[in-house]
Participant: 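Shown below is the structure under consideration.
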2 protein chains.
Amino acid sequence: MATPKFAEIKQYILARIESGEWEEHSRVPSENQMAELFECSRMTARRALTELTDDGVLERSQGLGTFVAELKSQSSMMAIRNIADEIKDRGHGYSVKQLELTQTEATAPIAIALGLETGSPVFYSVLVHCEQGVPLQLEERFVNPKLVPDYLQQDFTLQTPHEYLSQVAPLTEARHTLEAVVANEHNQKHLEIEASEPCLQIIRRTWSRKGVVSYARLIHPGSRFRLGGHLTF
Amino acid sequence: MATPKFAEIKQYILARIESGEWEEHSRVPSENQMAELFECSRMTARRALTELTDDGVLERSQGLGTFVAELKSQSSMMAIRNIADEIKDRGHGYSVKQLELTQTEATAPIAIALGLETGSPVFYSVLVHCEQGVPLQLEERFVNPKLVPDYLQQDFTLQTPHEYLSQVAPLTEARHTLEAVVANEHNQKHLEIEASEPCLQIIRRTWSRKGVVSYARLIHPGSRFRLGGHLTF
DNA sequence: TGTATTTACTTGTATATACAAGCTAGGATT
DNA sequence: AATCCTAGCTTGTATATACAAGTAAATACA
């Protein structure tokens, strides 16, 4: 047998979800309907649906049906949580200062990271996220204008870039790099720290189905920030 | 049906693996044998074996049989890889200096982290891991003597503590905290860095089935160390 | 002796069937 | 009109069966 029938059914379903034809939370055909469609037994159709459920692609509930799950809702995507939510969850005051929101030309490393040509236009934003008025994260972000054309029209004091990007280009993957660094003078001023203070820097690249969405550098004062949880590589 | 039959079979298998009765890489009964043992059909026994395989507990191969997989081999356990392997994989020279290997009394925070009484004896080791002769990680580790009684008799120039601990107390979980810090003077000397150099500090607690095995503080010079990969929380 | 081949086991795929259990909507009863 | 409850869908569990395909050891053959 070239490829098993249940695998074909899985591919069929995945293709429809990735193309956007079947949207998040929408209902997918029942086991019996899939069985009829593919001219197979219910158990074979069931296997496809069950395995995709195990993979987190679908969600099922007895009596109701099978539905398309949120893309990467709680898994690796939320790896590094939205800083605004994290602060609010602690019951502390959250505020943002927007320092930049412009278009600029991609330098070589940025172009490579975003999969663009060197010198091509990219959107650029710099924000400082504060907890109780104290700077906790400096977010410097380069965004692919082809995938997010309206980035510059947003008001990031109302919604963090991460939230906005999640909406317009559902994220499918993220890669991070962690480093201890000294902030440059400019950033030291914005973070209100001394030159001697070490910072935790997170480089974050995020993907959607269509390519690299953004490249972000998140800098945190070591004295105010700690990252905890499970790490998987 | 109280608990489904396939779930009972899974529990039976898991219990045998966790008790150590079925060792890593050893063969487990075939589908037909399990079916006979539990007086069920092959398909039901098969389901238990298949699901445990999906969970990474078992490994199967057609024609050969089903085997107990390595405990957490590649998953969250190897989150932060063995630094010795990482250096060797880069094709660079690896060396260690052992600075401490003694018994000491648990301070309050260490006792809490290890689940012991304050002042009770704990094993303590300090190592410096070097790449091409350059210090890359200072490993300060507190070990629960109840779970690893022979820790002080080891020679950690031959085998890293992590490797040894994995052998004597198979790890089931690990939790990490990441922070950017300034090393104290003592550690600065051992890492051969300037006072101004930021360091990436990883606090790592590891569990086995019987409790907290060890509490480690891993300090890396920011200029020489970068942590990459997927982070999940 | 050395090489095929068979045999017996394993897991993998697929089907037809049965009943259990959860949910919803519409119809019967009160 | 409000309530119950049944009919018809859904997924969940379980079985019996069949054949495909991979592995290894025993067997037959040259």
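Below, chain A is the first sequence line, B the second, and so on; all start at residue 1. Quick note: numbers below take in every heavy atom, side chains included, and nothing from hydrogens, waters or symmetry partners.
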Participant: Any salt bridge linking B:E131 with B:R90? Criterion: basic side-chain nitrogen under 4.0 Å from a carboxylate oxygen.
Facilitator: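 A salt bridge links B:E131 with B:R90.
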Participant: Donor-acceptor pair, distance only, cut-off 3.5 Å: does the side chain of B:Q154 make one with the backbone of B:D150?
Facilitator: yes
Participant: Would you mind reading off the distance between A:F38 atom CZ and C:dT13 atom P, rounded to a whole angstrom?
Facilitator: 17 Å
Participant: Strictly under 3.5 Å: I want the nitrogen or oxygen pairs between protein and nucleotides 15-19 of chain D, one per line.
Facilitator:
| unit_1 | atom_1 | unit_2 | atom_2 | d |
| --- | --- | --- | --- | --- |
| D:dT15 | OP1 | B:K5 | NZ | 3.4 |
| D:dT15 | OP2 | B:S41 | N | 3.2 |
| D:dT15 | OP2 | B:T44 | OG1 | 2.5 |
| D:dA18 | N6 | B:R42 | NH1 | 3.4 |

Participant: Hey, does the side chain of B:N144 reach the backbone of B:K146 with a donor-acceptor pair shorter than 3.5 angstrom?
Facilitator: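 Side chain of B:N144 to backbone of B:K146, a donor-acceptor pair under 3.5 Å: yes, one is there.
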Participant: Give the rounded distance in Å between these two atoms: CD1 of A:I9 and C1' of C:dT13.
Facilitator: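 Roughly 12 Å, once rounded to whole Å.
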Participant: What is the distance from atom CZ of A:R175 to atom OG1 of A:T206, rounded to the nearest 0.5 Å?
Facilitator: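 Rounded to the nearest 0.5 Å, the CZ-OG1 separation comes out at 11.5 Å.
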Participant: Do other residues, nucleotides or ligands put more than 12 heavy atoms under 6.0 Å from the CD atom of B:E23?
Facilitator: no
Participant: Rounded to the Å, how far apart are A:E59 CD and D:dT11 P?
Facilitator: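 Taking CD of A:E59 and P of D:dT11, I get 14 Å after rounding.
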Participant: May I have the distance from A:R46 (atom CZ) to D:dC9 (atom C1'), rounded to whole angstrom?
Facilitator: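 Those two atoms, CZ and C1', are 15 Å apart.
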Participant: For A:R60 and C:dA21, what is the distance between atoms CZ and C1' respectively, to the nearest whole Å?
Facilitator: 14 Å
Participant: Of A:G63 and A:E51, whose nearest nucleotide on DNA chain C comes first from the 5' end?
Facilitator: A:E51
Participant: Can a side chain N or O of B:S61 be found less than 4.0 Å away from OP1 or OP2 on C:dT10?
Facilitator: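 Answer no for this pair, as no side-chain N or O of B:S61 is under 4.0 Å from OP1 or OP2.
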Participant: Both B:Q62 and A:L64 contact DNA chain C. Which one's nearest nucleotide lies toward the 5' end?
Facilitator: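 Final value for this comparison: B:Q62.
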Participant: Counting only side-chain N and O atoms of B:R47, is one of them less than 4.0 Å from OP1 or OP2 of D:dT13?
Facilitator: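 Yes, because at least one side-chain N or O of B:R47 sits under 4.0 Å from OP1 or OP2 of D:dT13.
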Participant: Can you measure B:M34 atom CE to C:dT10 atom C1' for me and round it to whole angstrom units?
Facilitator: 15 Å
Participant: Please list all pairs passing the salt bridge (Lys or Arg N to Asp or Glu O under 4.0 Å) test where one or both residues lie in residues 26-35 of chain B, with sequence neighbours left out.
Facilitator: B:E31-B:R42, B:E31-B:R46, B:E31-B:R60
Participant: Measure the distance from NZ on A:K10 to C1' on C:dT13 and round it to the nearest whole Å.
Facilitator: 14 Å
Participant: Is the backbone of A:S214 close enough, under 3.5 Å, to the side chain of A:R141 for a donor and an acceptor to pair up by distance?
Facilitator: no
Participant: Separation of A:L49 atom CG from D:dT13 atom C1', in whole Å?
Facilitator: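 Nearest whole value for this atom pair: 16 Å.
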